[in-house]
Number of protein chains: 2
Amino acid sequence: MNRFLSNATNRIDTKGRVSVPAPFRAVLAQRNVQELYCLQDLVFPAISVGGPDLLERYERQIASADPFSPEANAMSLLVHGGGVYMRLDAEGRLMVTDFIRDFTGITTEVTFVGRSDHFQLWQPQAFHEAQVAARAGRATFGVRPA
Amino acid sequence: MNRFLSNATNRIDTKGRVSVPAPFRAVLAQRNVQELYCLQDLVFPAISVGGPDLLERYERQIASADPFSPEANAMSLLVHGGGVYMRLDAEGRLMVTDFIRDFTGITTEVTFVGRSDHFQLWQPQAFHEAQVAARAGRATFGVRPA
DNA sequence: TGGGACCATATGGGCGTCAATGGGAAGCGG
DNA sequence: CCGCTTCCCATTGACGCCCATATGGTCCCA
């Protein structure tokens, strides 16, 4: 397993901490990532979490756009203004800050969602609804197993 | 036998495990597949199970789109966030998780259905009904429990 | 041709390990 | 001096790994 896949829901404890699923931690360790970069998803009410490469990927996307376009401007606002660095504690937990709560609606539980090269934090119900909507929206991507 | 063919129904034990039919395991072994990728079928209430190639087929579809587009984002949500990696135990069994139960309606028995390059997990009666419907010609394809 | 030994699969369950969680106590900053 | 954070340790419950048993089918041999 070399990428972030599948999803899992964990509880937030009384101190506001939540365990990152072990498979995700294993991917982070394999990639030698200690500092986590968190930013708001551009489409969904979710927080994306990844290593420094995640930030760089977004920055390249911004750089490739017209620097004076409203899109690039807005994206920079989100990426640079809305991003946060985070660390895990010794047990592999992270603090769920108000920054995360406000944007996602997370209160007592966090759903971790793999996105291949990064993962995301979702309010469980919101994730479920987004999945149903995505499935209904594009019922078939045009891919049918041969 | 180099493809997944025919179907078989096995019981789930008290620990929530079920044996994968030996012919299917033989195909997996022949293809050197140890990690199984499970994905919700796009049409039927069934879970598709295959090797990494199953995942890669969907990932190629995602890669062909603009990586920052809402469409690619939604597809990744389904494929990466909705997919699950699984391993078989030494006896060739897999755990039937709530993820599988909720989507398929499986409770006590699992019907394994060969689909050539992958296989599927069905609730036995649902599979039977889908077969009857398919045999009847035009049918209630796409019908899924609300 | 019928009986029996053999074999593979499916199934059941014990046990150890690890992850998720909870909470105490010390360190740092306000 | 007080509150929040960080480090550390305890608990427990799930899962992986292992071995045991049953069941049905096949092959061989009398």
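The figures here come from the full heavy-atom set of this structure, side chains too, leaving out hydrogens, waters and symmetry mates. Quick note on labels: first sequence line is chain A, next is B, and so on, each numbered from 1.
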* To do: Measure the distance from CG on A:D13 to P on D:dT12 and round it to the nearest whole Å.
  => 17 Å
* To do: Nearest whole angstrom, please: distance from the P of C:dG24 to the CD of A:E91.
  => 16 Å
* Is it true that B:F44 and B:W122 have ring centroids separated by less than 6.0 Å? -> yes
* To do: Salt-bridge test for B:D117 and B:R57: reply yes if a basic N is under 4.0 Å from a carboxylate O, no otherwise.
  => yes
* More than 12 foreign heavy atoms under 6.0 Å from CZ of B:R87: is that the case here? -> no
* To do: For A:A22, answer base if it contacts any base atom (sugar-phosphate contacts may also be present), sugar-phosphate if it contacts only those atoms, and nothing otherwise; contact means non-hydrogen atoms under 4.0 Å.
  => sugar-phosphate
* To do: Specify the separation, in whole Å, of atom CG of B:N10 and atom C1' of D:dG24.
  => 14 Å
* **Common cluster, B:M95/B:I47, ILVMFWY with side-chain heavy-atom separation under 4.5 Å** => no
* Asked: How close or far is atom C1' of C:dG16 from atom NZ of B:K15, stated in whole angstroms?
  -> 11 Å
* Structure fact -> Per the under-4.0 Å heavy-atom filter, residues of residues 117-127 of chain A near DNA chain D come out as none
* Asked: When the distance from CZ of B:F112 to C1' of C:dT9 is rounded to whole Å, what number comes out?
  -> 13 Å
* Just to confirm, is there a sub-4.0 Å distance from OP1 or OP2 of C:dA19 to any side-chain nitrogen or oxygen of A:R25? -> no
* NA contact type, A:R17, heavy-atom cut-off 4.0 Å: base, sugar-phosphate, or nothing? -> base
* Structure fact -> B:L28 atom CG is separated from C:dT9 atom P, nearest whole Å, by 14 Å
* Starting from P on D:dC7, measure out to CG on A:L94 and report it in whole angstrom. => 14 Å
* Sugar-phosphate only, base, or nothing, as touched by B:D89 at under 4.0 Å among non-hydrogen atoms -> nothing
* Structure fact -> Separation of C:dT9 atom P from B:R11 atom CZ, nearest Å, is 18 Å
* So, do A:P21 and A:N10 sit near enough that their side-chain heavy atoms are less than 4.5 Å apart? -> yes
* B:T111 and B:Q125: side-chain contact (heavy atoms from CB on, under 4.5 Å), yes or no, with the steps? -> CA-CA 9 Å; B:T111 296; B:Q125 178 154 0; over 6 Å; no
* Is a donor-acceptor contact shorter than 3.5 angstrom present between the side chain of A:R93 and the base of C:dG22? -> yes
* Pairing of B:E59 and A:R3 as salt bridge, 4.0 angstrom limit -> yes
